[in-house]
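Notes follow the structure.
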Amino acid sequence: MFTRHKHGFGIHSPFVYDFITGVLRNREYVEEFNPIEELRKELLRSGESITFSEFGSGSRSRRLHSPRRKIVDIVRYSSIPGKYGRLLYRLIRFFNPNIIVELGTSLGISTLYLANANPSSEVYTIEGCPESARIAVDNFNRMNAKNIHLKIGRFDKVFPSLLEDLPGVDLIFFHGDHREESTMQYFNEALLFKHNGTIFVFDDIHLSKGMEKAWNRIKHNHEVTVTIDLFRFGLVFFRKELRKQDFIIRF
């Protein structure tokens with residue numbers, strides 16, 4: 001079933017309605033956001049450039065298609081905006097996942113939102129570029145984020161081995177590779193390790209025709225029950241007690 005809603009009114013699924021009221025319509029600004037956004041501002045003032053090793057695809061800017069990249073451009077065009085960082089934070093606070101995996105660290109802004117929402121959780125994040133990872137680690141140390149574990153390497157190598165090593169996974173944030181077949185590969189690998197309460201969050205689901213095709217394939221997977229399309233993020237739930245529905249909600 002496909003349902004389109006602007007603000008969530010008229011939704012008859014208690015699960016989705018609770019998510020809308022508890023997460024999407026909760027616009028409270030908490031103090032934990034301030035250090036992360038101050039870090040973003042500092043990075044935007046940086047004059048540093050790094051040598052970038054990229055194994056994914058789908059950048060929003062042509063400035064991110066050269067091997068030498070400015071920190072300021074990576075922050076502007078690769079890091080998630082504050083609005084979506086705060087959404088990740090509220091998502092963690094609402095569902096309280098213990099083991100979180102992030103595919104694509106970049107400079108660590110999204111990782112900090114994931115980690116700060118629940119300091120007792122464990123956040124495993126994967127980054128393919130050693131120079132980006134170096135800066136991310138510096139940022140984690142400055143923010144005293146002790147629940148972040150960063151893995152460096154190609155996603156197709158590190159991701160499946162990490163999943164094998166974990167006792168389970170409660171939430172996965174996919175945002176480091178924006179190609180259709182790669183997205184489907186990581187989705188299918190992650191399916192082997194999900195449980196009834198696991199949540200998948202996909203970034204940039206409408207970035208390209210390929211990503212839209214991937215999102216459509218994910219929605220129709222027989223193990224998926226509820227999907228929520230927020231225009232940038234796509235949320236996937238596997239709860240067997242829910243009937244299959246697809247929602248589009250403007251966020």
Side-chain angles (χ1 to χ4, degrees), residues 19-20 22-46 56 58-61 64 71-127 129 132-133 135-150 170-178 199-207 211 228-236 249-251:
F19 167 77
I20 291 170
V23 179
L24 297 187
R25 295 175 64 190
N26 176 6
R27 300 302 175 94
E28 179 185 6
Y29 194 97
V30 298
E31 291 185 0
E32 285 89 343
F33 300 158
N34 291 331
I36 303 175
E37 290 308 312
E38 287 301 318
L39 171 65
R40 186 197 302 273
K41 292 177 183 177
E42 182 177 329
L43 292 170
L44 285 170
R45 294 191 296 266
S46 172
S59 168
R60 289 174 172 268
S61 172
L64 298 187
I71 296 298
V72 63
D73 287 335
I74 296 174
V75 176
R76 283 175 178 166
Y77 303 111
S78 182
S79 297
I80 64 168
K83 171 182 177 179
Y84 289 94
R86 294 189 289 273
L87 174 59
L88 288 175
Y89 179 96
R90 292 194 296 268
L91 188 69
I92 302 301
R93 297 284 288 185
F94 189 79
F95 289 107
N96 198 34
N98 292 314
I99 300 178
I100 301 166
V101 174
E102 178 185 40
L103 197 57
T105 315
S106 189
L107 303 182
I109 291 177
S110 56
T111 320
L112 287 166
Y113 273 108
L114 292 168
N116 284 5
N118 180 10
S120 65
S121 67
E122 299 295 331
V123 178
Y124 298 85
T125 183
I126 305 170
E127 174 55 41
C129 173
S132 295
I135 296 172
V137 169
D138 288 343
N139 293 334
F140 300 156
N141 290 336
R142 288 177 52 191
M143 305 289 269
N144 198 31
K146 299 185 181 301
N147 60 332
I148 297 175
H149 314 276
L150 191 147
D170 302 315
L171 184 143
I172 304 179
F173 181 36
F174 302 82
H175 74 122
D177 192 333
H178 302 294
I199 304 166
F200 290 176
V201 181
F202 291 89
D203 189 19
D204 283 329
I205 57 173
H206 299 295
L207 179 66
M211 283 302 294
I228 302 177
D229 179 341
L230 300 177
F231 290 85
R232 173 163 179 153
F233 280 4
L235 278 62
V236 178
I249 301 172
R250 185 170 296 281
F251 173 69

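Here the structure is a predicted model, which means the values were calculated and not measured. Heavy atoms only: backbone and side chains are in, while hydrogens, waters and symmetry mates are out.
- With a 4.5 Å cut-off on side-chain heavy atoms, Leu230 and Leu24 count as touching.
- Using a 4.5 Å cut-off on side-chain heavy atoms (C-beta onward), Asp204 and Arg232 make contact.
- The shortest non-hydrogen separation linking Leu150 to Ala133 is CD2-CB, 3.8 Å.
- Summarising the geometry, atom CG belonging to Leu44 is positioned 6.5 Å from atom CZ belonging to Arg76; distances are rounded to the nearest 0.5 Å.
- Counting heavy atoms from C-beta on, the side chains of Leu171 and Leu91 come closer than 4.5 Å.
- Here side chain to side chain donor-acceptor pair (under 3.5 Å) pairs that include residues 136-146, with residues two or more places apart or in two chains, are Glu42-Arg142, Asn144-Lys146.
- Within the cation-pi definition used here (under 6.0 Å to the ring centroid, within 45° of the axis), Arg250 qualifies as a partner of Phe231.
- The main-chain N or O of Ile126 is found under 3.5 Å from a side-chain atom of Thr105 such that the two form a donor-acceptor pair.
- Here the closest non-hydrogen pair linking Val72 and Ser46 is CB-O, 4.2 Å.
- Residue pairs meeting the salt bridge (charged side-chain N to carboxylate O under 4.0 Å, His left out) criterion with at least one member in residues 102-127, sequence neighbours excluded, do not occur.
- Ser79 OG to Leu39 CG: the interatomic distance, rounded to the nearest 0.5 Å, is 9.0 Å.
- Between Phe174 and Phe202, the distance from one ring center to the other falls under 6.0 angstrom.
- Considering only heavy atoms from C-beta on, Pro97 comes within 4.5 Å of Ile92 through its side chain.
- Scored by the salt bridge (charged side-chain N to carboxylate O under 4.0 Å, His left out) test, Glu37 finds Arg40 as partners (sequence neighbours excluded).
- The shortest heavy-atom contact between Asp203 and Met211 is O-CE, 3.8 Å.
- Applying the ring pair (Phe, Tyr, Trp, His ring centres under 6.0 Å) test between Tyr89 and each of Phe33, Phe95, Tyr113, Phe94 identifies Phe33 as the sole match.
- Residues satisfying the ring-ring contact (aromatic ring centres under 6.0 Å, His included) criterion with Phe173, sequence neighbours excluded, are His175, Phe233.
- Across Ser106 and Ala136, no two heavy atoms sit closer than the pair O-CB, 3.7 Å.
- The side chain to side chain contact (heavy atoms under 4.5 Å, CB included) check on Asn96 picks up Asn118, with sequence neighbours excluded.
- The two atoms that bring Arg90 and Asn26 nearest to each other are NE-O, 2.7 Å, heavy atoms only.
- Under the 3.5 Å distance criterion, the side-chain polar atoms of Arg93 are matched with a main-chain donor or acceptor of Ala117.
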task: In sequence, state the C-alpha distance, the side-chain angles, and the governing distance for Leu87 and Ile80, and then conclude on side-chain contact (heavy atoms from CB on, under 4.5 Å).
output: CA-CA 11 Å; Leu87 174 59; Ile80 64 168; over 6 Å; no
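- With sequence neighbours excluded, the residues forming a side chain to side chain contact (heavy atoms under 4.5 Å, CB included) with Pro35 are Met143, listed by chain and number.
- Between Asp170 and Ile100, the closest side-chain pair of non-hydrogen atoms is not below 4.5 Å.
- You'll find the ring centres of Phe251 and Tyr84 inside the 6.0 Å limit.
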- prompt: What do the steps show when you test Ile148 against Leu112 for side-chain contact (heavy atoms from CB on, under 4.5 Å), and what is the final call?
  reply: CA-CA 8 Å; Ile148 297 175; Leu112 287 166; 4.1 Å; yes
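- In this structure, the side chains of Ile71 and Leu107 come closer than 4.5 Å at one or more pairs of heavy atoms.
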